[in-house]
Chemist: 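I'd like to ask some things about the structure below.
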Amino acid sequence: MAQYEPVIGLEVHVELKTNTKIFCNSSTAFGADPNHHTCPVCLGLPGVLPVTNKKVVEFAIKAGLALNCQIAPFSKFDRKNYYYPDLPKNYQVSQFDLPIAEHGFLEIEVDGNTKRVGITRVHMEEDAGKLVHQGTISDSSFSLVDYNRTGVPLIEIVSEPDMRSPEEASAYLEKLKAIIQYTGISDCKMQEGSLRCDANVSVRPLGQEEFGTRAELKNMNSFKALQKALVYEIKRQIKINEEGGRVIQETRSWDEAKGVSLSLRSKEEAHDYRYFPEPDLVPMVISKDWVDEIRTTLPELPDERQARFVEQYGLPAYDAIVLTSLKEMADYYEQCVEQFNNPKAVSNWIMGDFSRLMNADNMEINDVRIQPAQLAKMLQLLEKGTISGKIAKTIFEDMFATGRDPDIIVQEKGLVQISDEGAIESIVTDVLANNPKSVEDYRAGKNQALGFLVGQVMKATKGKANPGMVNKLLKEKL
Amino acid sequence: MISLKEVEHVALLGRLKLTEEEKKLYSKQLSDILEHARKLQDLDTANVPPTSHVLPLQNVFREDRTGEHMTTEKVLANAPDRQDDYFKVPRIL
C-alpha cells in the first residue's frame, strides 16, 4: 500500500475592527436589529458612490507587515461577480490581481521543529449579508436577508500549500490568529465569525512532486472542527485513490453534527466570477512613508514576546508559547510577575488552575474576576507561609468565583496556616497518644507510618498546619 | 461567433431563462457587439500606458466615522416581500 502525503493550504477571512463599513459610513457594530445598519451604498442602490475607509487600508497594511509581506506600491479593487441574495449588488468588491500585500510567511512549531509557512497574499474585501432560515436551509421555502454585515471590512489571508498534516494546519491557524490579535485589527473570534477558515486539501503518493486534485473545505467554525474536517477529508481522498478512483475538484461543506463533509458543487459548474476593475473606486498608491509610519505602530509580536519570556523570565519554551499565544494572557502574566517576582510560580498558576477554571466556564481572560494584583497577593501569602499550598487552591477558587481579595477570604474563612509551634506541638502530642500502633511501626523502621501521622495532624487542623513544621515536630517526638 | 453554449452559460450566470429563439438572436447580437469592440485592437497603443481606471485620481479615502443609517421603512420600501425587518426572498441552494 502506497503512503500518502496530504497537502494543505488555508484561506482565512478576518473581520476588521473598524467603526464603519469598508465603503460607507454605516456602523459595523454587532447585534443590531436586521437591516438597521444599512445605507444606500451597502444596499447597492443605483447611483451611489462608495468611498474607501482609510482605516481598512491601514489595518490591511498592518496585517501584511505583521506577516512579513511586501506591501504593494499600487493596489486596486475589483468586482467579483456572482448571483446570490446575500449580495445586494450581485458582485462583491474584492481584490484580484493587485492585492495590498504578498509574499509573506509565518513560523509554526510542530513536534519541536520550526517550520515556515508561506503567505501568498493578503487582500481586502467586503463581507456579504446573512441569510436566516426557519429551520434549516433545506426545509425552508424562503430565505430572510439581513444586510447589516454587508460591507463590513474583511481581509483574506491566503497561505501557500505548505502544510502537510492537520496538526500543521492547526498550528498555522493558531499562530495566524495570535499575530492578528496582537496587531489589534480584529478580535479573531471563530465562534462569532470574525475569523473564518476554508481549507484546500489534496493528497499525493509520498515522494511525488506533483499535487493531487484538491477539494475546498468550507464551514469549519472551530479549531476542533478544522482538525476533524481535515482528518476526514484526507481519509476520504486516500480511500478514493486506493480504490482506483479519481478525486474530483469540488467545494465541500463540513457538517460538524454528522462529522462528514458533503459536496456543495463541483468546479465544472463553479462560479465564473468575471473579475474586472471596480470603476467606482480609484486606485491606491501606497507610499513608503505611509508603510513606515504603520510599521512603527506594530506591537511586539508573539514570536518576539515568546523569545523575551524565555530570556527575561527564564521560562521553559513551552510555558512561553502557551502564555504568549493570547495577548491578553501574556499581558496578565507580566502584570502579575511585576508584583510577584517568581516567574515560574506565576506561570504555573496561570497555566494550571487559572486556565482550568477559565476553560471550564468557557471564559476569556477579560472575563476573569481575579485581577493580576490579587493573584500576586495570593502568591505572596503562599510564599510567606501564611497559607498552605492546599489552602491556596481553595482560596483561588473563591477568588475566581467572587473576585474578592485573598486576605479577606483568608480572614473570613479562618484559613491562616498554623505556624505556631506550641499549637502544633500539642496536636502532635495528641495524635501520637491516640495512634500507638503507628508510633511503634515507625520506630520499627516503617517510614510510611510517618505519612499517616502527618495526615492525622493535618486532619485535626483542617489542613491548616504548616506541613514543614508538622514533619519536623513529629520526627523530634518520635 | 458566440456559440449557443456560451449564450446558455452567460444566461445561467445572470439567472436568465431564454427561449431557443432568444438564444439564437443573442448569439448573433453578442457576436456583433464583440466584433464591434474588436475594432479597438486596431489602434496603435504603443505609447499609451496601460490603466485600469480612466479618472486621473488616486487615494480617495474617508475617515472611519459613522454616519446616518437609512430608516428601516425606507430600506425595505422596494423589497418585493418582507418579514418583520428582513427582506424575504426565494431560497437558493
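The model shown is predicted, which means the values in this text are computed figures rather than measured ones. Residue numbering restarts at 1 for every chain, and letters A, B, ... go by the order of the sequence lines.
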Chemist: Any chance the side chains of A/Glu15 and A/Ser194 put a donor and an acceptor closer than 3.5 Å?
Modeler: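 Note: A/Glu15 and A/Ser194 side chains miss the donor-acceptor criterion.
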Chemist: Does any non-hydrogen side-chain atom of A/Pro40 lie less than 4.5 Å from one of B/Met70?
Modeler: yes
Chemist: At a heavy-atom distance under 4.5 Å, which candidate from A/Val285, A/Thr18, A/Asp146, A/Leu98 has the highest pair count against chain B?
Modeler: A/Val285
Chemist: Where does B/Arg62 contact chain A at under 4.5 Å (heavy atoms): side chain, backbone, both or neither?
Modeler: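 B/Arg62 touches chain A through backbone and side-chain heavy atoms alike.
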Chemist: Regarding A/Arg79 and A/Glu278, does a basic nitrogen lie under 4.0 Å from an acidic carboxylate oxygen?
Modeler: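 So A/Arg79 pairs with A/Glu278 through a salt bridge.
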Chemist: Is the closest basic N to carboxylate O distance between B/Glu20 and B/Lys23 below 4.0 Å?
Modeler: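 Answer for the salt bridge query: yes.
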Chemist: Just to be sure I understand the criterion: a residue of residues 69-77 of chain A counts if one of its heavy atoms is under 4.5 Å from a heavy atom of chain B. Which ones qualify?
Modeler: A/Lys76
Chemist: Between A/Asn19 and B/Thr66, is there a donor-acceptor pair closer than 3.5 Å when you use the side chain of the first and the backbone of the second?
Modeler: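 Absent.
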Chemist: Please report the interatomic distance CG(A/Leu217) to CZ(A/Arg252), rounded to the nearest 0.5 Å.
Modeler: 7.5 Å
Chemist: With A/Phe276, which residues qualify under ring pair (Phe, Tyr, Trp, His ring centres under 6.0 Å), at least two apart?
Modeler: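 Residues passing ring pair (Phe, Tyr, Trp, His ring centres under 6.0 Å) with A/Phe276: none at all.
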Chemist: Between A/Val56 and chain B, with a heavy-atom cut-off of 4.5 Å, which part of the residue counts as in contact: side chain, backbone, both or neither?
Modeler: neither
Chemist: With a 4.5 angstrom heavy-atom cut-off, which part of A/Ile22 approaches chain B: side chain, backbone, both or neither?
Modeler: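 Only the backbone of A/Ile22 comes within 4.5 Å of chain B.
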Chemist: Would you mind checking which part of A/Cys24 comes under 4.5 Å of any heavy atom in chain B, side chain (CB onward), backbone (N, CA, C, O), both or neither?
Modeler: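 Looking at A/Cys24, just its backbone touches chain B.
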Chemist: Go through the steps for A/Asp33 and B/Asp84 under the test side-chain contact (heavy atoms from CB on, under 4.5 Å), then give the verdict.
Modeler: CA-CA 10 Å; A/Asp33 286 336; B/Asp84 305 321; over 6 Å; no
Chemist: Taking the side chain as C-beta and beyond, is there a heavy-atom pair between B/Lys24 and B/Leu4 under 4.5 Å?
Modeler: yes
Chemist: With a 4.0 Å cut-off on N to O distance, would you call A/Asp127 and A/Arg196 a salt bridge?
Modeler: yes
Chemist: Of the backbone (N, CA, C, O) and the side chain (C-beta and beyond), which part of A/Leu144 lies under 4.5 Å from a heavy atom of chain B, both, or neither?
Modeler: both
Chemist: Select one option (side chain, backbone, both, neither) describing which atoms of B/Thr72 are under 4.5 Å from chain A's heavy atoms.
Modeler: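 Contact with chain A involves the side chain of B/Thr72 alone.
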Chemist: Between A/Val51, A/Val132, A/Leu45, who has the most heavy-atom pairs with chain B when the cutoff is under 4.5 Å?
Modeler: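 Highest number of pairs under 4.5 Å: A/Val51.
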Chemist: Tell me yes or no: between the side chains of A/His133 and A/Ser143, is some donor less than 3.5 Å from an acceptor?
Modeler: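 Checked: A/His133/A/Ser143 side chains pair up, N/O donor to acceptor below 3.5 Å.
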Chemist: Given the options A/His36, A/Met284, A/Lys55, which has more heavy-atom pairs under 4.5 Å with chain B than any of the others?
Modeler: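 Ranked by contacts with chain B, first place is A/His36.
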Chemist: Let me know if A/Pro279 has heavy atoms under 4.5 Å from chain B in its side chain, its backbone, both or neither.
Modeler: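 Looking at A/Pro279, just its backbone touches chain B.
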Chemist: Of all of A/Ser27, A/Cys39, A/Pro283, A/Pro277, which one pairs up most often with chain B through heavy atoms under 4.5 Å apart?
Modeler: A/Pro283
Chemist: Could you tell me whether B/Glu35 and B/Arg38 have a side-chain N and a carboxylate O separated by less than 4.0 Å?
Modeler: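 Yes, this pair counts.
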Chemist: Do you know which of B/His53, B/Lys74, B/Glu68 has the most heavy-atom pairs with chain A at a distance under 4.5 angstrom?
Modeler: B/His53
